Number of protein chains: 2
Amino acid sequence: MYSTNERRITIKQVAKVAGVSAQTVSRVLNNRPDVATATRQRILKIIDDLGYQPNIVARSLSQRRTYTLGVVTAGLKYTGPSRTLNGITNKAEELGYTLLLKELLGFEAHDVNAILDYLLARQVDGIIWAVQEVGDNRQEFDTRLPAIPVPIVFLTMRKRPGLNIVAVDNYAGGRQATEHLLNLGHRKIGHIAGPLAWWEARERKRGWEKRMAEADLPAENWVEGTWSSRSGVRSLKQLLTQAPDTTAVFAANDQMALGALHYAHRHGTRVPEDLSLVGFDNLAESAYYWPPLTTIDHDQFDLGCLAVREAVKAITSRQDITSPSHQPQSIFIQPKLIVRGSSEPAAFSAT
Amino acid sequence: MYSTNERRITIKQVAKVAGVSAQTVSRVLNNRPDVATATRQRILKIIDDLGYQPNIVARSLSQRRTYTLGVVTAGLKYTGPSRTLNGITNKAEELGYTLLLKELLGFEAHDVNAILDYLLARQVDGIIWAVQEVGDNRQEFDTRLPAIPVPIVFLTMRKRPGLNIVAVDNYAGGRQATEHLLNLGHRKIGHIAGPLAWWEARERKRGWEKRMAEADLPAENWVEGTWSSRSGVRSLKQLLTQAPDTTAVFAANDQMALGALHYAHRHGTRVPEDLSLVGFDNLAESAYYWPPLTTIDHDQFDLGCLAVREAVKAITSRQDITSPSHQPQSIFIQPKLIVRGSSEPAAFSAT
DNA sequence: ATGAAAGCGCTAACAG
DNA sequence: CTGTTAGCGCTTTCAT
């Protein structure tokens, strides 16, 4: 069914048929102005007739540039990483870059050097490190970074001077969630944290702690979950055991909030009447949970777009000697509170 | 902060330092046996000292082989496609293939030729078309297919002789869901279908229809949804309006089932007491919906793995003249019923 | 076991 | 406007 190993058409063959040099064909391919219109037309026709396709690999070798971005990701089965990848593919398409995708099997420490070598051997023009900062999985970079010959943009990690970083302001999100509950009159506000090895989880928790402190309230009642709904179930149980008078809970993601909702249903705790609940992430489904979940929305798609934009900016500025050298910068996206049915004024303030 | 445009080390420089020819270094790089052990050791050390990295682009050009798979996907923001991609990345890693990722902006018809040209220009060794069959978005292939010089594996499309296809047996899944409800004593079973432009949606619906017919029951009460939870809400409403005596509903995916659950809660329809509900997909969260959702599980990760395996098999068999030519085949994965709290025996059969 | 020459398919740099 | 020459960095083929 396939046309067997027949060699593909090359620029030389096109040139021969057209009776010109390969260089002239190359000029046509690259839309150079310095080709006679008649010649151009003729060559274009021949290209079309022959079904000629330029070999991008050869071009890359010759130009020493691939217009390819290496993307390192992890946990594609979760919505977060895949929404971000979605943004990356879209922006890359728009800017004319090809993506070379590499998914890590876990989040914890990896042989960063091997992965970088892999991408660099394939001559990527830039790298997007879209793996969340977990544990010390960023450590190896400290020594290697100066030796990486292409720009690299990091996603979702704490600020570090001199690096290109794009992340959601998780701390601000934690504050917003807490503030919303405070505004509703709640005082006993518990927190279901994500795994604290994760930078994002620590930031969200810190937002809760700080805002509580500012309201002169203790931030003591919290549990560490795993991000999963299952852990949400057990975390709410633990929270209510530790402090039965809790009237509100902020969960560090929507999955755990769903688990908490599940636990509440099973034990006759009414949400929001007995307990207000706020999640984080604004999963598409969370508006249809019962009750619909109040949550913090953040644009992970945009995160991916920004990362590509920054990477390409850095690549370009390094090619053009003319353009001012691109200064690495950190970009933090602001999340946004979405109020739905799972939170309402505290009982005592309603009466 | 970066080492500026300094040229990377080449095989020639390594050769020069080692006092050998470039081919000898090449032999070491490719683990050829015909190099003296002493020479090999010396060269390896120099490679290490210099931090030399082979240029894979040059190698690809020279070998006329890239060990790269082009992956075309769509809808990465949905769990299905991203779980499949997850499987693709894992299997590709295992088999030593690099991934070139291309995401389409929508599911409907695209300029297939342009996308194929794009991938072929980049000299991919094979293609995985991981875009679901929607409307006539497969049509362009009919004419183009014979002219594609590399193997191509299609995901999630109807059987066609002579093509490599990997898909879930959605028809069987639809049957299983329906059969489960029939076994519970339900007779009035409605269906919330996915958008019927999708092959998957049609197959799931066909499974429901066929199984109903086999039980001598009419398969009349159905509504076409959009896959979204929002459409699930309105679809259940419509279903119950059309036939108020409906005691069970099979929704073509978990999101729509969640929407149906949402509608039921809001209107005092108790699930499963008044209405049994079965979904499709087994989203990680569906076990924590209230009530936990009975659904059809299918391994989309495995789907991706199989696609890569088939693609690589086809590529390899075409390289080795010795190996028997790989016959394109269709692989259909069997889904599995997961029983949870959203379905229970029909009221009249319980009494 | 090692090297020399040629080439993969394209483009940069220079010439005319 | 168009052609020639010389690579890009590696591997293949054929010698030795």
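Letters A, B, ... mirror the listed sequences (proteins, then strands); counts begin at 1. All values reported here derive from a predicted model rather than from experimental measurement.
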Can you list, by residue number, the residues of residues 53-61 of chain A that have a non-hydrogen atom closer than 4.0 angstrom to DNA chain D?
A/L61
Strand contacts (DNA chain D) in residues 30-52 of chain A, 4.0 angstrom heavy-atom criterion:
A/D34, A/V35, A/A36, A/T39
salt_bridge(B/D34, B/R40) N-O dist < 4.0 Å
no
B/R309/B/D302 ion pair, N-O < 4.0 Å:
no
N/O donor to acceptor pairs below 3.5 angstrom from side-chain atoms of residues 45-52 of chain A, sequence neighbours left out:
residue: A/K45; atom: NZ; partner: A/D49; partner atom: OD1; Å: 3.4
residue: A/K45; atom: NZ; partner: A/D49; partner atom: OD2; Å: 2.8

Contacts of type side chain to side chain donor-acceptor pair (under 3.5 Å), residue A/T156, not counting sequence neighbours
none
Other residues, nucleotides, ligands: >12 heavy atoms within 6.0 Å of A/Y78 OH:
no
Check: A/T66 main-chain N/O paired with A/D125 side-chain donor or acceptor under 3.5 Å
yes
With heavy-atom distances below 4.5 Å as the criterion, would you say the side chains of B/V308 and B/L69 are in contact?
yes
Kindly indicate whether the side chain of B/T89, heavy atoms from C-beta on, has any atom under 4.5 Å from the side chain of B/L99.
yes
Side-chain donor-acceptor pairs of residues 54-63 of chain A under 3.5 Å, sequence neighbours excluded:
residue: A/N55; atom: OD1; partner: A/V57; partner atom: N; Å: 2.8
residue: A/N55; atom: OD1; partner: A/A58; partner atom: N; Å: 3.0
residue: A/S60; atom: OG; partner: A/I56; partner atom: O; Å: 2.8

What salt bridge (charged side-chain N to carboxylate O under 4.0 Å, His left out) pairs are there with at least one residue in residues 82-91 of chain A, not counting sequence neighbours?
A/K91-A/E94
Compute whether any side-chain donor of one residue and acceptor of the other, for A/R122 and B/T98, lie under 3.5 angstrom apart.
yes
Can you tell me how the ring of A/W129 sits relative to the ring of A/F154, calling it parallel under 30°, perpendicular over 60° and tilted otherwise?
tilted
Please enumerate all residues that pass ring pair (Phe, Tyr, Trp, His ring centres under 6.0 Å) together with A/Y67, with sequence neighbours excluded.
A/Y97
Compare side-chain N and O positions of B/S62 against OP1 and OP2 of C/dC8 and report whether any pair is under 4.0 Å apart.
no
Heavy-atom nearest nucleotide on DNA chain C for B/R64 versus B/A22: which residue maps closer to 5'?
B/A22
Applying a 4.0 Å non-hydrogen cut-off, can you work out what A/Q23 is touching in the nucleic acid: base, sugar-phosphate, or nothing?
base
With sequence neighbours excluded, residues passing salt bridge (charged side-chain N to carboxylate O under 4.0 Å, His left out) with B/K102:
A/E93
Please enumerate all residues that pass salt bridge (charged side-chain N to carboxylate O under 4.0 Å, His left out) together with A/R158, with sequence neighbours excluded.
A/E133
Protein-nucleotides 14-16 of chain C N/O pairs closer than 3.5 Å?
none

Between which nucleotides of DNA chain D, read 5' to 3', does contact with chain B run, using atoms under 4.0 Å from its heavy atoms?
D/dC8 to D/dT12
So what is the end-to-end bend of the helix from C/dA1-D/dT16 to C/dG16-D/dC1, with 5 pairs used at each end and the value given to 10 degrees?
30°
